[in-house]
Amino acid sequence: MVWISIDRSRKTSLKEQIISQLRASILNGERKAGEPLPSTRQLALDLQVSRNILLEAYDQLTAEGYLEGKRGRGTFVAEGALLARSETPAAPIAPLVETKKPDIINFRSGVPALDLFPRRKWSQLAQQVLAYTPSRDFGYDSPEGRFELRSAIAKYVYRVRGVRCSPEQVLITSGATQAITLVAKLCARTGEPFVLEDPITNDIQTIFAAHGARLVPLPVDEAGIDPSELTRGGDCGSVYVTPSHQYPLGSILPIQRRVQLIEYARRTSNYIIEDDYDSEFRYEGDPIPSLQGLDPNVVIYLGTFSKILSPALRIGYMILPLPLIERCRQLKWFSDLHTPSLEQLILARFLEEGHLERHIRQMKKVYKRRRDAVRGLFTRTFEDDVRISGDSTGLHLIAEFVDTEFTDSIIRRLYDAGVFVQPVRIHSADGRGHGNKLIIGYGNLQEQELAEGIDRIRSVLADIRRQRQTR
Ligand SMILES: Cc1ncc(COP(=O)(O)O)c(C=O)c1O
């Protein structure tokens with residue numbers, strides 16, 4: 001059953017809303033050729049709209065070829081209207097509408113607690129930087145970024161992540177996203193293979209595809225990707241991984257697979273790109289040392305301050321093997337010259353004076369409480385119908401439902417009920433896998449909001465179950 005949700009507050013007419021949802025559900029295969037549609041009388045009752053609207057909507061879709069009427073038997077989905085997914089991944093579901101509703105509970109992943117940004121310390125340091133930075137530093141700067149910040153980062157990543165590098169190997173970027181784009185320009189040549197975890201964020205797939213790489217999706221199991229698949233395939237190109245907390249599924253790549261990856265890169269002269277986006281927040285056991293520490297010559301390491309401080313800063317960094325430094329400096333220069341110098345200087349002081357690690361220690365306690373709350377709420381609410389995983393690190397976890405497939409229309413219904421949540425499916429290479437798993441970002445939600453959001457999910461799923469039973 002495909003649900004149609006009507007929003008009477010929208011400017012779009014009811015007829016248009018019904019037509020566009022039916023059209024989309026046929027194109028994307030949710031409604032299959034030959035499937036009967038409910039009678040206009042029945043659907044009018046269900047949706048509480050006039051039957052004329054439905055007659056007009058069915059007529060329109062019949063005229064467009066999506067539906068066909070069979071005399072005396074009703075209306076059916078026509079043959080040949082299913083559009084296979086294009087190779088280039090589609091944009092994620094409604095990423096920009098999520099914040100439009102004022103009371104929405106937003107389970108978007110990767111957002112830290114925005115109200116706990118260390119404003120006071122940051123503004124003190126900003127004042128100092130503005131007051132004492134010499135005028136010459138207000139001019140154009142070098143593409144690799146400020147030495148003060150690169151040197152503070154080199155010390156920090158060694159201490160916290162076991163990354164081995166000198167400040168010369170650190171290049172400051174506008175968030176990890178720009179680092180990913182630079183990697184695509186460095187390593188993903190047109191038509192050549194490039195290995196990505198499957199699933200991995202839709203954005204990352206889009207960036208590499210846009211640079212002409214032939215994407216080779218490698219499925220993620222309970223322990224991440226299995227590099228022996230690469231060994232069998234000869235040279236499959238460079239490999240992009242999130243080994244400390246796979247995005248989105250949350251697995252941790254064990255040492256055996258890390259060693260295999262390094263051996264593969266050495267043997268085929270490719271690079272491993274290690275995206276270490278949120279591993280500072282590890283709640284069980286010790287932090288997992290970086291992959292880069294195993295062999296700094298074959299790993300490009302990417303880090304970001306978006307999760308440990310704020311995405312609004314737009315500051316990330318990459319740690320490069322020596323032969324890539326000059327080329328990457330040039331690419332950064334021709335991309336945006338350099339990342340804003342004054343913010344870099346503030347951040348450098350924040351790190352050097354130990355505020356970052358203090359902030360991370362405090363935030364870890366907050367996030368652990370939120371993580372425990374989400375886990376408890378899901379288990380109490382859905383009992384054996386849900387399995388939680390990927391929750392030992394980071395700002396999100398995976399809620400896997402036993403018998404619910406989170407189609408676009410269910411996600412839309414959840415949104416209408418005041419919950420923004422994304423299924424893992426939108427990040428899988430074929431747009432279909434992992435349909436029963438939701439990504440639950442909890443970093444920016446208070447405990448009462450978490451409870452309210454999970455209750456809204458319960459209520460929508462219960463409604464859907466009831467409606468299915470009465471059909
Ligand atoms: C896996 C992964 N890598 C990289 C990023 C990019 O982060 P940013 O560009 O904000 O540093 C994200 C954002 O959420 C992410 O989920």
Side-chain angles (χ1 to χ4, degrees), residues 89 91-93 95-96 98-99 106-114 117 145 149 153 157 161 170-184 195-208 217-218 220 224-225 239-253 272-282 288 290-292 299-319 332 335-336 339-340 343-344 347 356 367 390 393-398 420-424 426-429 439-444:
I93 298 170
L96 299 175
E98 73 197 64
T99 49
N106 191 340
F107 284 110
R108 187 196 169 116
S109 65
V111 184
L114 302 178
F117 181 81
L149 181 57
I153 288 175
V157 289
R161 308 290 306 114
V170 182
L171 187 131
I172 308 297
T173 55
S174 295
T177 303
Q178 187 184 41
I180 296 164
T181 305
L182 296 178
V183 166
V195 181
L196 290 177
E197 296 170 321
D198 178 19
I200 186 66
T201 75
N202 199 292
D203 282 356
I204 291 174
Q205 297 174 54
T206 306
I207 291 171
F208 285 105
L218 210 58
V220 168
I225 54 165
V239 185
Y240 193 97
V241 274
T242 48
S244 300
H245 187 225
Q246 202 280 327
Y247 188 89
L249 294 178
S251 48
I252 294 166
L253 202 68
I272 306 299
I273 295 90
E274 175 176 18
D275 180 351
D276 201 15
Y277 65 104
D278 72 356
S279 64
E280 282 89 349
F281 300 121
R282 177 155 167 80
I288 318 275
S290 70
L291 189 57
Q292 195 270 5
V299 178
I300 303 173
Y301 177 93
L302 313 185
T304 178
F305 291 96
S306 290
K307 321 293 164 184
I308 46 182
L309 275 171
S310 155
L313 291 176
R314 305 310 307 134
I315 302 185
Y317 53 96
M318 52 204 304
I319 293 175
K332 168 72 180 167
S335 162
D336 63 351
T339 298
E343 273 77 4
Q344 290 189 55
L347 182 55
L356 184 71
Y367 295 140
T393 304
L395 305 177
H396 74 273
L397 52 74
I398 298 297
F420 178 84
V421 68
Q422 292 183 309
V424 172
I426 64 162
H427 298 303
S428 71
I439 308 168
I440 304 293
Y442 53 80
N444 192 33

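Counting convention: from 1, in listed order, for ligands and their atoms alike.
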Exercise. Which of the listed options, Ala176, Ser310, Gly175, holds the heavy atom that is closest to atom 7 (O) of ligand 1?
Worked result: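 The residue whose heavy atom sits nearest atom 7 (O) of ligand 1 is Ala176.
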For this session: Would you tell me which option among Asp278, Thr181, Thr201, Asp275 has the nearest heavy-atom contact to atom 16 (O) of ligand 1?
Result: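 Residue with the shortest heavy-atom distance to the ligand atom: Thr201.
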Exercise. Can you tell me which residue and heavy atom of the protein come closest to atom 14 (O) of ligand 1, and the distance to 0.1 Å?
Worked result: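 Its nearest protein heavy-atom neighbour is Lys307 NZ, 2.7 Å.
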Non-hydrogen atoms of [X] and [Y] that approach each other most closely:
X      : Y      : answer
Gly394 : Asp278 : CA-OD2, 3.1 Å
Asn444 : Leu114 : OD1-N, 3.0 Å
Ile439 : His396 : CG2-CD2, 3.8 Å

For this session: Number the atoms of ligand 1 from 1 as they appear, then name those within less than 4.0 Å of a heavy atom of Arg314, with their elements.
Result: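 Numbered from 1, ligand 1 contributes 8 (P), 9 (O), 10 (O).
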Exercise. Going by the atom numbers of ligand 1, which of them fall below 4.0 Å from some non-hydrogen atom of Thr304?
Worked result: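 Answer, ordered by atom number: 8 (P), 11 (O).
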Exercise. Side chain or backbone of Thr177 under 4.0 Å from ligand 1, or both, or neither, by non-hydrogen atoms?
Worked result: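 It is both parts that get close, each with some atom under 4.0 Å.
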Exercise. Using a heavy-atom cut-off of under 4.0 Å, does the side chain or the backbone of Pro311 touch ligand 1, or both, or neither?
Worked result: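 None of Pro311 does.
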For this session: Please confirm whether Gln178 comes under 4.0 Å of ligand 1, counting heavy atoms of the residue only.
Result: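 No, Gln178 has no heavy atom closer than 4.0 Å to ligand 1.
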Exercise. Does Ser306 come within less than 4.0 Å of ligand 1, judged by its heavy atoms?
Worked result: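 Yes, Ser306 has heavy atoms under 4.0 Å from ligand 1.
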For this session: May I ask you to decide if the ring planes of Tyr317 and Phe305 are parallel, tilted or perpendicular, using 30° and 60° as cut-offs?
Result: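 Aromatic pair Tyr317/Phe305 classed tilted.
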For this session: Determine whether the side chains of Asp336 and Gln178 contain a donor N or O and an acceptor N or O closer than 3.5 Å.
Result: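 Yes, because at least one side-chain N or O of Asp336 sits under 3.5 Å from a partner of the opposite role on Gln178.
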For this session: Please report the C-alpha distance between His245 and Phe281 in whole Å, then the side-chain angles of each, then the deciding distance to 0.1 Å, and finally whether the ring-ring contact (aromatic ring centres under 6.0 Å, His included) criterion is met.
Result: CA-CA 10 Å; His245 187 225; Phe281 300 121; over 10 Å; no
For this session: Check the pair Ser306, Leu313 against side chain to side chain contact (heavy atoms under 4.5 Å, CB included), reporting the backbone distance first and the verdict last.
Result: CA-CA 7 Å; Ser306 290; Leu313 291 176; over 6 Å; no
Problem set entry | Heteroatom proximity flag, Thr242 to ligand 1, N/O under 3.5 Å |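 In fact, backbone or side chain, Thr242 has no N or O that close.
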